[in-house]
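Take a look at the structure below.
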Amino acid sequence: MAAYIAVSALSHEGRVREHNEDSLTVGPWTLCATVTTNPQSLLFPLGPPCVVAVADGLGGHPGGEVASALVARRLAAAGPGLTDEESVRDALQTCNRAVFAAAADDPGLAAMGTTVAGLVLLPEQAISFNVGDSRVYRVADDGLHRVSVDDSPPLAPGRRTTSLVTQTLGGSLGLTFVEPHVRSAPLAVGDRYLVCSDGLTDPVPDEELSALLARPEEESERADGQAVFDLWKAAIEAGGPDNITLALVRIGG
């Protein structure tokens, strides 16, 4: 059987926020600032570049959902051309300029911005990327390995999380240059990744996420969907303080 990409994803406003400012990209498919009632599962052949990304609109700024949707849609459109680290960096710089340009055209969107984190999946390579504090993890037998880099200030003693970010796409009144975190790793059948907004990782510690993602006896889209539901439920039970968006990626074959 030919190798394939299985993605199970969910986006939800959580228990506190009035609406969802997160957006999601899976291949050519986007889910922008809306809510899914159940995990969505999609399959793609492992071959052409496939983007899986989460964009988290900045709370406390106007137009967070506009910024996240703009970035999600641009990454979906750019996906087929993302073949190496340089093209990914270029795409993120283009997204950054587009957010600032859209804000400049509408005074009501001044300083809107978004984080982004994701993967470009190629036949033998996974390119991870992020700007801000949304995350990408590799899910291994010995637990979660974070491959993204949080753009956050150092944590205060005794604190596990912070709502502060030091770098975003947009997010200020004047055009600001960004330095995306981009890295490549080999990709093979059986590999799994989690891409998510901080609405999952702030309330749920990595150890709990890892336990919920322990490799199932039988790998299938149904098992992936159950894992995504369980992760969402853990965030909700921990208070659901923010929008929750996540995508579980598995390479099958």
Side-chain angles (χ1 to χ4, degrees), residues 1-12 22-34 36-56 68-92 94-95 116-130 134-140 147-148 182-197 200 213 215-216 218-229 231-232 245-253:
M1 182 178 180
Y4 63 91
I5 302 163
V7 183
S8 292
L10 181 150
S11 189
H12 190 270
D22 289 357
S23 294
L24 177 70
T25 303
V26 183
W29 181 80
T30 59
L31 183 72
C32 297
T34 57
T36 52
T37 55
N38 293 292
Q40 308 294 304
S41 295
L42 299 97
L43 297 176
F44 302 92
L46 182 61
C50 181
V51 181
V52 180
V54 169
D56 179 354
S68 71
L70 186 157
V71 169
R73 289 172 178 142
R74 282 184 169 263
L75 288 176
L82 301 180
T83 57
D84 54 26
E85 291 187 15
E86 183 178 2
S87 61
V88 172
R89 289 191 178 91
D90 288 346
L92 294 171
T94 299
C95 286
V116 69
L119 296 163
V120 178
L121 301 161
L122 302 168
E124 297 181 350
Q125 187 180 54
I127 304 174
S128 61
F129 59 87
N130 79 284
S134 292
R135 291 181 178 176
V136 180
Y137 293 90
R138 183 170 62 86
V139 186
V147 296
S148 56
V182 182
R183 61 189 293 187
S184 300
L187 187 70
V189 170
D191 286 354
R192 293 193 297 163
Y193 283 89
L194 173 67
V195 183
C196 58
S197 64
L200 176 65
L213 286 167
R215 191 175 291 276
E218 181 180 350
E219 295 187 354
S220 66
E221 289 70 64
R222 183 173 182 176
D224 296 341
Q226 182 63 52
V228 166
F229 178 83
L231 293 169
W232 166 80
T245 301
L246 64 147
L248 180 59
V249 177
R250 176 173 54 85
I251 306 303

Indicate the atoms forming the closest heavy-atom contact of Leu213 with Ala227, along with that distance.
CD2-CB, 4.2 Å
Taking the side chain as everything from C-beta on, heavy atoms only, tell me whether Ile251 gets closer than 4.5 Å to Ile5.
yes
What's the separation between atom CZ in Phe229 and atom CG in Leu231, rounded to the nearest 0.5 Å?
11.0 Å
To the nearest 0.5 Å, what is the distance between CG (Leu200) and NE2 (His12)?
13.5 Å
Can you tell me how far CG of Leu24 sits from CG of Leu75, rounded to the nearest 0.5 angstrom?
11.0 Å
Please report the shortest heavy-atom distance between Val52 and Val7, naming the atom on each side.
CG2-CG2, 4.0 Å
Please determine whether the number of non-hydrogen atoms from other residues, nucleotides or ligands lying under 6.0 Å from atom CZ of Arg183 exceeds 12.
no
Return the CG to OG distance between Asp56 and Ser197, rounded to the nearest 0.5 Å.
5.0 Å
Heavy atoms of other groups near Arg215 CZ, more than 12 under 6.0 Å
yes
Going by atom types alone, do Asp90 and Ser87 pair a side-chain donor with an acceptor below 3.5 Å?
no
State whether the side chain of Arg138 and the backbone N or O of Ala185 hold a donor-acceptor pair below 3.5 Å, judged by distance alone.
no
Backbone N/O of Pro39 and side chain of Thr36: donor-acceptor pair under 3.5 Å:
no
Give me the atom names and distance for the closest heavy-atom approach of Pro49 to Pro80.
CG-O, 3.5 Å
Is it the case that Thr245 and Asp22 place a side-chain donor and acceptor less than 3.5 Å from each other?
yes
Among Ser68, Cys32, Ser23, find the one that has a side chain to side chain contact (heavy atoms under 4.5 Å, CB included) with Arg73.
Cys32
Indicate yes or no: at least one non-hydrogen side-chain atom of Phe129 is less than 4.5 angstrom from one of Val116.
yes
The reported gap from CD in Gln40 to CG in Leu31 (rounded to nearest 0.5 angstrom) is 7.5 Å
From Ser220 OG over to Arg250 CZ, what is the distance, rounded to the nearest 0.5 angstrom?
6.5 Å
Closest contact, heavy atoms only, Gly47 versus Pro123
O-CD, 3.3 Å
Going by distance alone, is a donor N or O of one side chain under 3.5 Å from an acceptor N or O of the other, for Ser41 and Ser8?
yes
If you look at every heavy atom in Val51 and Gly79, which pair is closest and at what distance?
CG2-CA, 3.6 Å
I'd like to know if the side chain of Gln125 reaches the main chain of Ser184, judged simply by a donor and an acceptor atom lying under 3.5 Å from each other, with no hydrogens or angles considered.
no
Are any of the side-chain heavy atoms of Val228 and Leu246 separated by less than 4.5 Å?
yes
Which atom of Phe44 lies closest to which atom of Val26, heavy atoms considered:
CE1-CG1, 3.5 Å
